[in-house]
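Following: one structure in structure tokens, then a few remarks.
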Amino acid sequence: MQYSDLADKAEPQSFFQVNPDGHVTRLLLALLATSGLFYVNIMPAIVEGLIVGLDLSNKQAGIISSSNVYGAAFGAFAAIFIVAKIPWRMSCVVLLLAMMLADSLSIFLTDFSSLIAVRFVHGTVGGMIVGIAFSLMAKTKNVERSFGYLLTVQFGLGGLGLIYIPPLLPEYGTTALFATLIAFNIVNILLLPLIPELHAGNASQQQSQGVKFLSRRYKYLLLAALLATFMFQAANMGIFAYIISIGKQAALDITFISNTLGQAAWISLLGSVLVILIAHRMNRRWPLLLSILITIAATLMLHASDSALMYWLANSIVGITWAFAISYLLGMCSSFDDSGQAAALAGFFSKMGLASGPMVCAYLSEADDFSSMINLAAVILLVAAMLAHLPAAALDKQTAPDTAKA
């Protein structure tokens, strides 16, 4: 008997009957995972709030935001070793309450060093929640679809945050940011009883066969997929963290910038919905590579941000391809292991990328060198595409597209 079996039996059952392979389950898991990393989806607002509300520099705001995500990476790494051994539902309640405490403390902090420490702890707790949620997603059929739901929720709610939070910052400062995070975690605590029990046996037969094949002969492919995930996230988040500053430097109005980012987040839902519709109905290699190449082109369009239309188009296109490609990347990593540990490992590499991008860009932003930032992101995205090619091709050869409805 495996640890995962023991954990499942020890865990109280869901209070309501929900189909483990249904849309509601995927949505609930997406909300749970989002709770641990929602601040990433409103990262431009977080950075801008720290600058406007606390009068911090671009560099300081970027470092604080990065410490939050580095904490998430640490938490996701810890989750790799515990997801199969803990009662996940009660653990999530405790972790969500801990996140709310950290957000409450953050409202009253103004010191740079104190905020780094508290946000790192907050991120660590959130990363553990994401790791648990990812391990549960790995036990669903058609795991790419589950990640498609995750990105749909993240970009949808992120769009709301990016539209309504920035205008509140001059008056309410960081209180508007952290109060939003607290409210979202309260909602997730209320929804936890609805999530059904999930077991490794829920994974599709094709997925399980692929796991056995690849775990025996091609472990290096998992590493390539993980590195591709890291680089893709680092490039995109490095730009995203300073996207408001890029717009301001191009003399765009803050209201236009805020509305653009919110609209782009909602438009990006097309990417995650597309994953939900086509996952396992066609091979993953070419859709994934094409989406990353389009991301590169749209990222380079930000050089022309002095044109409001180009700024809007660049953000909208990147939003769509980001949601599409990361769903495939996370799903691809999870396909190497149906126990949930590879999914948790993918979460760790994803968080490291999300943290490292803003950290590197924080130093470039010190000199307002946004052109170099954009070019660096494009190069890293190209490397990510090259790394993703081999594992995607190997998985496509092992598992044929599934034309059955999931």
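- Under the 3.5 Å distance criterion, the side-chain polar atoms of Tyr311 are left unmatched by any main-chain donor or acceptor of Ile246.
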Stepwise side-chain hydrogen bond (donor to acceptor under 3.5 Å, both in side chains) check, Tyr39 with His122: CA-CA 10 Å; Tyr39 55 88; His122 176 277; 4.9 Å; no
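- Between the Asn68 side chain and the Ile64 main chain, no donor and acceptor come within less than 3.5 Å of each other.
- Between the side chains of Arg119 and Ser67, no donor-acceptor pair of N or O atoms lies under 3.5 Å.
- The main-chain N or O of Leu302 is found under 3.5 Å from a side-chain atom of Ser305 such that the two form a donor-acceptor pair.
- Across Ile51, Leu261, Val47, Leu162, a single residue satisfies side chain to side chain contact (heavy atoms under 4.5 Å, CB included) together with Ile244, and that is Leu261.
- Proximity of a side-chain donor or acceptor of Ser327 to a complementary backbone N or O of Ala323 within less than 3.5 Å is detected.
- With Ser291 contributing its side chain and Leu288 its backbone, the two residues share a donor-acceptor pair below 3.5 Å.
- Look at Lys139 and Glu197 and you find no salt bridge, because none of the NZ, NE, NH1 or NH2 atoms lies under 4.0 Å from a carboxylate O.
- For Gln60 (side chain) and Ser57 (main-chain N/O), a donor-acceptor pair under 3.5 Å exists by modelled atom type.
- Annotation: Tyr328 is not in aromatic contact with Phe147 [ring centroid separation under 6.0 Å not met].
- For Phe74, there are no ring-ring contact (aromatic ring centres under 6.0 Å, His included) partners at least two apart in sequence or on another chain.
- Counting non-hydrogen atoms of other residues, nucleotides and ligands closer than 6.0 Å to CZ of Phe112 gives a total above 12.
- A donor and an acceptor atom, one from each side chain of Thr321 and Thr295, are located under 3.5 Å apart.
- Between the side chain of Ser66 and the backbone N or O of Ile63, no donor-acceptor pair lies under 3.5 Å.
- Between Trp312 and Phe256, the distance separating the two ring centers is not shorter than 6.0 angstrom.
- Panel note: side chain Thr124, backbone Gly71; a donor-acceptor pair is recorded below 3.5 Å.
- Residues Ser350 and Phe230 are not in side-chain contact: their nearest non-hydrogen atoms beyond the backbone lie 4.5 Å or more apart.
- Using a distance-only test at 3.5 Å, with no hydrogens or angles considered, no donor-acceptor pair links the side chain of Arg285 to the main chain of Asp396.
- Within the 4.5 Å cutoff, the side chain of Met237 has heavy atoms near those of the Trp322 side chain.
- For Lys248 and Asp253, the salt-bridge test fails: no basic side-chain N is under 4.0 Å from an acidic carboxylate O.
- Screening Leu31, Asn185, Val153, Leu157 for a side chain to side chain contact (heavy atoms under 4.5 Å, CB included) with Phe38, the sole residue that qualifies is Leu157.
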